[in-house]
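Excluded from the calculations below are hydrogen atoms, water molecules and symmetry mates; all remaining heavy atoms, backbone and side chain alike, are included.
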Amino acid sequence: MADALLLTLDENYIPQMKVLMTSIYINNPGRVFDVYLLHSRIGEEKLKSLGEDLKKFSYKFYPIRATDDLFSTARVTDRYPKEMYYRLLAGKFLPEDLDKILYLDPDMLVINPLDDLLRTDISDNIYAAASHTGKTDMANNVNRIRLGTDTDYYNSGLLLINLKRAREEIDPDEIFSFVEDNYMNLLLPDQDILNAMYGDRIYPLDDLIYNYDARNYSSYLLRSKKQADLAWLMDHTVVLHFCGRDKPWKKNHRNKFTSLYKHYMSLTKRYLA
């Protein structure tokens, strides 16, 4: 059975999804994936075209349109779009015979094989995720106080999801009630929900390997006592995450990894031509 990948996005992020898929294909030779896309309004022609592109990688494509039924009691606004709930409620939309899936934000690159991550045993947890701790533990401490938790503050951009556990333990109404009670205090809503409600059900991953914040090269270098330089990173880091509003496909983006992203953009055009 093929490994499964999950994305949730609108049509504006289809080009970035293609770059991510190209990076996965290049760095996981011979591995076949089933790609699930949870969405609400992407047109059939664009979905068909995306499916044809993924077929070039021998990936099977399963677009799933999320209906409004599940969200009748949910707070849904511009700040709280229903799409933000999708990754948390993935078990409600995906096939029952699917036990595990890897969720990825589309603003990522996979630059080394995913094998070890996909083999990670999370049978006692709902998720595996990484926290972005930076030079100090200050961000974790602030978020613990803010959310009343005692776990690390995990980034929701990469989630290895134990769907069996998720179906058993995640109740949509509990999520919607939590949002209703706390919506004034949630800074990054879906990520805050993940941490506040399920932080103690998350298997910790190393962000240096599996969710490297591309803004923070200097912090990682310092934290690793100068081991995690660019050469080390290209050999060991699996997932680069372009967090924040400044994205590498934009004209004025400038950091150590801009050229690498642009390189994968060029490769995407070549492979999908």
(request) Establish, from distance only, whether the side-chain atoms of Tyr153 and Asn155 form a donor-acceptor pair under 3.5 Å. (result) no
(message) Is it true that His132 and Asp207 share a donor-acceptor pair across their side chains at a distance under 3.5 Å?
(response) no
(message) Using 30° and 60° as the class boundaries, would you call the ring planes of Tyr59 and Phe33 parallel, tilted or perpendicular?
(response) perpendicular
(message) Quick check: closest heavy atoms across Ala228 and Leu208, and the distance to 0.1 Å?
(response) CB-CD1, 4.0 Å
(message) Determine whether a donor-acceptor pair (N or O, by modelled atom type, separation under 3.5 Å) exists between the side chain of Arg201 and the backbone of Glu169.
(response) no
(request) Would you please test Asp229 and Tyr217 for side-chain hydrogen bond (donor to acceptor under 3.5 Å, both in side chains) and show each step? (result) CA-CA 8 Å; Asp229 59 12; Tyr217 174 78; 5.8 Å; no
N/O donor-acceptor pairs under 3.5 Å from side chains in residues 108-117, not counting sequence neighbours:
from	atom 1	to	atom 2	distance (Å)
Asn112	ND2	Met234	O	3.0
Asn112	ND2	Thr237	O	2.7
Asp115	OD2	Arg31	NH2	3.1
Asp116	OD1	Arg119	NH2	2.6

(request) Check the side chains of Ser156 and Arg87 for a donor-acceptor pair under 3.5 angstrom, ignoring hydrogens and angles. (result) yes
(message) Taking Asp10 first and then Arg41, would you say they form a salt bridge - that is, a charged N and a carboxylate O separated by under 4.0 Å?
(response) no
(request) For the pair Asp105 and Tyr103, evaluate side-chain hydrogen bond (donor to acceptor under 3.5 Å, both in side chains) and give the outcome as yes or no after the intermediate values. (result) CA-CA 7 Å; Asp105 272 355; Tyr103 169 83; 2.5 Å; yes
(message) Can you pull out every side-chain hydrogen bond (donor to acceptor under 3.5 Å, both in side chains) where at least one residue sits in residues 171-180? Sequence neighbours excluded, please.
(response) Arg75-Glu180
(request) Without swapping roles, check the side chain of Asp121 against the backbone of Ser123 for a donor-acceptor pair under 3.5 Å. (result) yes
